[in-house]
Amino acid sequence: MGLMVMGVLIGTFIAHVVCKRLLTAWVATRIQSSEKLSAVIRVVEGGSGLKVVALARLTPIPFGLQNAVFSITDLSLPNYLMASSVGLLPTQLLNSYLGTTLRTMEDVIAEQSVSGYFVFCLQIVISIGLMFYVVHRAQVELNAALVACEMELKSSLVKGNQPNTSGSSFYNKRTLTFSGGGINVV
């Protein structure tokens, strides 16, 4: 377990640093054209940053895309590593459990007992069901956080106030405009 956690931390650290050092400008230009990714950046740089990173790690969104998007935020490296580790922990535990279960499948087949097959199949079904449940809940929570951020931004723009950036530099890098009921990131 300790080796798994260290592997997650080292891998996440390397991916984040490489993306931050080499891909920041490229990712920033790509994100400007996507309202959804711009909303993710605003949420991560707001008060829900740790929660969004942790929940995003539970979703089937490719980690390369997540690393690139999160690398241009102002989220500190220790907070990013902590949130990523917490978000990746359930998946890694499930993968470790399935790995140890599948290694003992030879014992189940060698015994050729109905109860052994039943218990093994039940473990697999429960694990897969739990994985789908966790992924679904993470997607629902992530979407809710994005909608809440967009609503806050729209309401502050309609009132003529500056958006609540909470020290975010994302707003400093981009100009937000409100036109025709939609948010445009220019």
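Start at 1 with the first residue, then count along the sequence.
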Determine, using the 4.5 Å side-chain heavy-atom cutoff (strictly less than), whether Val69 and Leu77 are members of one ILVMFWY cluster.
yes
Supply the members, apart from Val140, of the Ile/Leu/Val/Met/Phe/Trp/Tyr cluster built from side-chain contacts under 4.5 Å; use none for a lone residue.
none
Summary of ring-ring contact (aromatic ring centres under 6.0 Å, His included) pairs that have at least one residue in residues 42-78, sequence neighbours excluded:
none
Roughly how far, to the nearest 0.5 Å, is CD1 of Ile31 from CH2 of Trp26?
9.5 Å
Contacts of Val147 that satisfy side chain to side chain contact (heavy atoms under 4.5 Å, CB included) - sequence neighbours left out
Met151
Starting at CG of Leu75, measure out to CE of Met82 and round the result to the nearest 0.5 Å.
8.5 Å
Distance in Å, Glu45 CD paired with Thr73 OG1, rounded so as to fall on 0.5 Å steps:
5.5 Å
Applying the 4.5 Å side-chain criterion to the ILVMFWY set and letting contacts propagate, would Val52 and Val27 be lumped into a single cluster?
yes
Result block: side-chain N/O donor-acceptor pairs under 3.5 angstrom for residues 2-18, not counting sequence neighbours:
residue: Thr12; atom: OG1; partner: Val8; partner atom: O; Å: 2.7

For the CD1 atom of Ile72 and the CG atom of Asn67, what is their distance to the nearest 0.5 Å?
12.5 Å
So the salt bridge (Lys or Arg N to Asp or Glu O under 4.0 Å) pairs with at least one residue in residues 21-30 (sequence neighbours excluded) are none
Residues passing the side chain to side chain donor-acceptor pair (under 3.5 Å) test with Lys51, sequence neighbours excluded, are Glu141
Kindly compute the distance separating SG (Cys19) from CD (Gln66), expressed to the nearest 0.5 Å.
11.0 Å
Checking Asn79 now: which residues fulfil side chain to side chain donor-acceptor pair (under 3.5 Å) with it, not counting sequence neighbours?
Ser76
Which heavy atom of Val53 sits nearest a heavy atom of Ser84, and at what distance?
CG1-OG, 3.6 Å
